[in-house]
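One structure is given here, and the rest of the page talks about it.
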Amino acid sequence: MTLRVYNTLSGEKELFEPVVPGKVGMYLCGPTVYKPSHIGHAVGPVIFDTIKRYLSFKGYKVTWVVNVTDVDDKLIVASRETGRTVPEIARDMEKKYVEAMAALGVRSIDQMPRASEHIREIVSHIQQLIDRAAAYVVGGDVYFDVSKDADYGKLSNRKSEEQFAGTREGLVQAAKRNSGDFALWKGAKPDEPPEVQYDSPWGKGRPGWHIECSAMAMRYLGQTFDIHGGGLDLKFPHHENEIAQAETATGKVFAKYWLHNGLTRFNTKKISKSDPDFEKVMESLQLSNLLAKHPPELLRYLIIQSHYRSPIDFSDQALSACKSALDSLYRLLERVERATGADPYSLKVLAEHVRDTGANPPAAELIEAVVRGQVRFLEAMDDDFNTAGAIGVLFEMAGHLNRYLDATRLETNSNEPSRLALQGAAGTFLVLARLLGLLLERPSKRGGDGDAESEKLMGLFIEIRKMARDARQFQIADAIRNRLSEIGFVLEDGQDGTRWRRA
RNA sequence: GGCCGCGUGCCCGAGUGGACUAAGGGAGCGGAUUGCAAAUCCGUGAUUCGUCGGUUCGAAUCCGACCGCGGCCUCCA
């Protein structure tokens with residue numbers, strides 16, 4: 001099976017062949033740490049984490065770098081507004097970002113270099129461009145000369161000069177040779193805090209927006225690496241300029257594959273800083289707020305349940321639909337645990353291990369279905385990381401497992417060959433789910449950790465209700481169940497007794 | 001205005017020339033099960049993939065036009 005990825009550079013799906021066989025270097029444009037992250041900031045990391053999991057599964061040794069922009073206009077403004085220093089704000093926001101990512105299951109980032117700690121690399125990168133006459137100094141600023149880059153615009157398909165014009169209000173255009181030229185180094189202004197004034201051959205100042213990424217990507221991944229990603233909105237000018245800087249400096253291909261994820265939308269509109277309702281909408285979409293309200297895995301599921309290049313429409317309805325779906329997978333795991341008498345995560349048996357299902361047609365069918373599903377799952381992932389398709393397969397497998405459990409009644413009867421087949425099928429199911437970063441943790445046992453009291457209390461309710469049921473006092477039994485349900489505890493009567501869970 | 005992308009059942013969302021009699025999820029409805037529920041399972045739903053043309057033996061999938069939506073061209077993941 002061969003992996004194909006959609007490359008923005010060519011506009012086509014291409015066969016994935018890393019620069020160095022067996023190894024993959026990938027770079028994702030990370031956050032500017034000046035204010036709390038919102039749900040959209042989680043999309044890239046979750047997708048790249050999933051990509052890294054998959055590439056690792058396929059045997060590649062993957063190095064993943066995510067930069068932290070901690071020197072920037074917006075940080076200076078934030079510092080002015082809050083009275084905190086730029087590094088204080090930056091470290092604080094970075095910490096929150098990292099915590100949010102960890103909660104979402106994104107724990108595989110290898111390096112998170114900060115721009116502020118790579119000024120030397122940035123300065124020498126700029127110097128290279130000046131030496132090659134591709135950049136020029138005006139006052140304390142340094143600009144990249146786009147006319148020196150023959151294939152400038154190749155990523156975003158921009159050719160005409162007018163499209164490069166950065167006609168931002170207040171910007172002095174006269175200083176630039178071409179309207180599309182962009183800043184590599186910004187000379188310090190007198191009113192800017194000293195902590196963002198770095199020494200350079202061109203006087204005190206700070207890096208332009210794009211240069212840190214090409215400098216740090218090459219520092220950690222080499223002059224040519226495999227995958228560069230980011231949101232679709234970064235294609236131009238950010239990524240275009242990264243390519244221009246890096247390739248003009250080295251004369252080599254910068255990144256081989258460019259992957260761009262779709263943007264998160266709210267009420268079918270992009271979450272944009274220029275939106276008048278931006279602040280209000282932001283509040284509800286802040287990652288920290290969302291993570292406080294919902295299981296992190298739910299957000300992750302929402303993100304990967306559609307293809308990474310599609311936009312995601314974020315809404316409460318979408319979240320609750322995801323919750324129902326995800327809950328059913330956890331219920332399945334609980335059934336498996338009951339039937340096998342073991343924590344499904346400790347089962348190291350895979351479907352392909354179960355060769356002999358004996359004269360046991362349901363078991364043979366289950367194993368066959370799961371093995372076939374595994375192939376389809378991997379095919380989907382090989383097709384430009386089609387996580388949506390892969391999740392579809394997962395649910396089909398879940399259906400097979402539930403049917404098998406219904407048919408064999410393994411939760412109440414024991415039968416060794418049947419149990420083995422279940423273990424194998426469930427083991428494979430879990431391995432695949434975890435490739436997507438789903439079902440990473442054992443279903444928190446009902447009430448959750450450290451909730452022994454709930455366990456005892458619910459046991460008591462169940463016991464009393466059983467007495468009522470045995471006496472056929474169903475009004476009492478139903479009252480107990482209804483009242484508990486109102487408080488958020490669901491009772492389920494099964495063949496082997498009554499179970500409870502939180503709604 | 002230029003450059004991208006999208007339009008699939010009630011909603012979300014895969015599928016990008018023939019295995020599509022269009023995956024999967026959510027919601028609904030009917031049934032099995034249950035004292036009743038919940039959970040699980042079964043059944044049910046697009047003769048059709050924005051519209052109209054074209055290419056082809058064959059198109060949701062390719063081409064063109066049109067309609068609608070969104071993104072970028074200014075800070076943005």
Side-chain angles (χ1 to χ4, degrees), chain A residues 8 11 13 28-32 37-45 47-48 66 72-74 77 153 156-160 162-169 171 180 209 229-238 240 260-265 268-275 278 301-302 305-307 309-313 315 317-318 320-329 331-332 334-335 376 380 383 386-399 401-407 411 469 472-475 477-478 481-482 485 490-495 498-501 503:
Chain A
T8 305
K13 280 183 198 168
L28 177 72
C29 286
T32 300
S37 311
H38 59 71
I39 179 73
H41 292 116
V43 175
I47 287 155
F48 266 61
V66 178
D72 177 87
D73 291 357
K74 293 187 285 292
V77 172
S156 53
N157 262 313
R158 259 156 251 251
K159 289 165 212 86
S160 71
E162 307 85 73
Q163 285 181 52
F164 303 139
T167 47
R168 222 180 148 190
E169 277 178 68
L171 203 85
W209 174 32
L232 211 52
D233 52 351
L234 293 183
K235 215 161 95 178
F236 185 87
H238 186 55
E240 195 68 72
H260 288 100
N261 60 266
L263 302 173
T264 306
R265 303 193 302 187
T268 73
K269 282 267 198 309
K270 178 193 167 192
I271 305 167
S272 168
K273 292 206 169 113
S274 50
D275 194 314
F278 180 67
Y301 180 89
L302 178 73
Q305 140 277 23
S306 62
H307 186 89
R309 275 189 283 117
S310 312
I312 300 168
D313 267 308
S315 67
Q317 297 91 298
S320 73
C322 289
K323 185 178 184 309
S324 303
L326 205 48
D327 280 352
S328 74
L329 296 185
R331 263 181 238 119
L332 170 62
E334 288 172 3
R335 291 190 83 183
R376 287 200 296 132
D383 183 14
N386 185 353
T387 51
I391 285 178
V393 175
L394 232 40
F395 278 96
E396 283 177 25
M397 287 175 123
L401 283 160
N402 271 318
R403 249 165 278 157
Y404 181 75
L405 282 160
D406 283 354
E411 288 158 282
R469 291 181 74 207
R472 305 196 63 80
Q473 306 259 9
F474 293 122
Q475 295 95 321
D478 290 349
R481 188 174 58 199
N482 292 340
S485 153
V490 179
L491 293 191
E492 297 179 350
D493 299 322
Q495 280 139 24
T498 300
R499 283 183 290 274
W500 70 277
R501 63 181 167 86

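By convention in this document, chain letters (A, B, ...) are assigned in the order of the sequence lines, proteins followed by strands, and residues within each chain are numbered from 1.
At a cut-off of 3.5 angstrom, counting only N and O atoms as typed in the model, there is no donor on one side facing an acceptor on the other between the side-chain of A/Arg403 and the base of B/rC42. Judged by atom type and distance alone, A/Asp478 reaches the base of B/rG35 through a side-chain donor-acceptor pair under 3.5 Å. Taking only distance into account, the side chain of A/Asp493 meets the base of B/rC36 through a donor-acceptor pair shorter than 3.5 Å. Residue side chain A/Arg309 does not reach the base of B/rG5 through any donor-acceptor N/O pair under 3.5 Å, judged by distance alone. No hydrogens or angles were tested; on distance alone, nothing pairs the side chain of A/Arg331 with the base of B/rA39 as donor and acceptor under 3.5 Å.
Taking atom C1' on both B/rA60 and B/rU16, the two are 8 Å apart, rounded to the nearest angstrom.
Nucleic acid contact class of A/Leu405 (heavy atoms, under 4.0 Å, all strands): none. A/Leu263 comes within 4.0 angstrom of a base, heavy atoms only. Among the protein residues, A/Gly30 comes within range of the sugar-phosphate backbone only, with heavy atoms under 4.0 Å from sugar or phosphate atoms but none that close to a base. Within the nucleic acid shown, A/Ser310 comes within 4.0 Å of sugar-phosphate atoms alone, with no base atom in reach, counting heavy atoms only. As judged by a 4.0 angstrom heavy-atom cut-off over every strand, A/Gln317 is placed among residues making no nucleic acid contact.
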For RNA chain B, what is the dot-bracket line, given that a base pair needs Watson-Crick (N1 to N3, plus N6-O4 or O6-N4) or G-U wobble (N1-O2 and O6-N3) geometry with both distances under 3.5 Å, and | means paired with another strand? ((((((((.[[[..)..(.....]]].(((((.......))))).....[[[[[..)....]]]]])))))))....
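Not one N or O on the side chain of A/Ser306 forms a donor-acceptor pair closer than 3.5 Å with the backbone of A/Leu302.
Comment: A/Glu334 does not engage A/Arg499 in a salt bridge, judged by the lack of any side-chain N to carboxylate O separation of less than 4.0 angstrom.
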Salt bridge (Lys or Arg N to Asp or Glu O under 4.0 Å), that's the test. Do A/Asp406 and A/Arg403 meet it? Break it down for me. CA-CA 5 Å; A/Asp406 283 354; A/Arg403 249 165 278 157; over 6 Å; no
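Distance from the side chain of A/Phe474 is smallest for B/rG35 among the nucleotides B/rA77, B/rC72, B/rG35.
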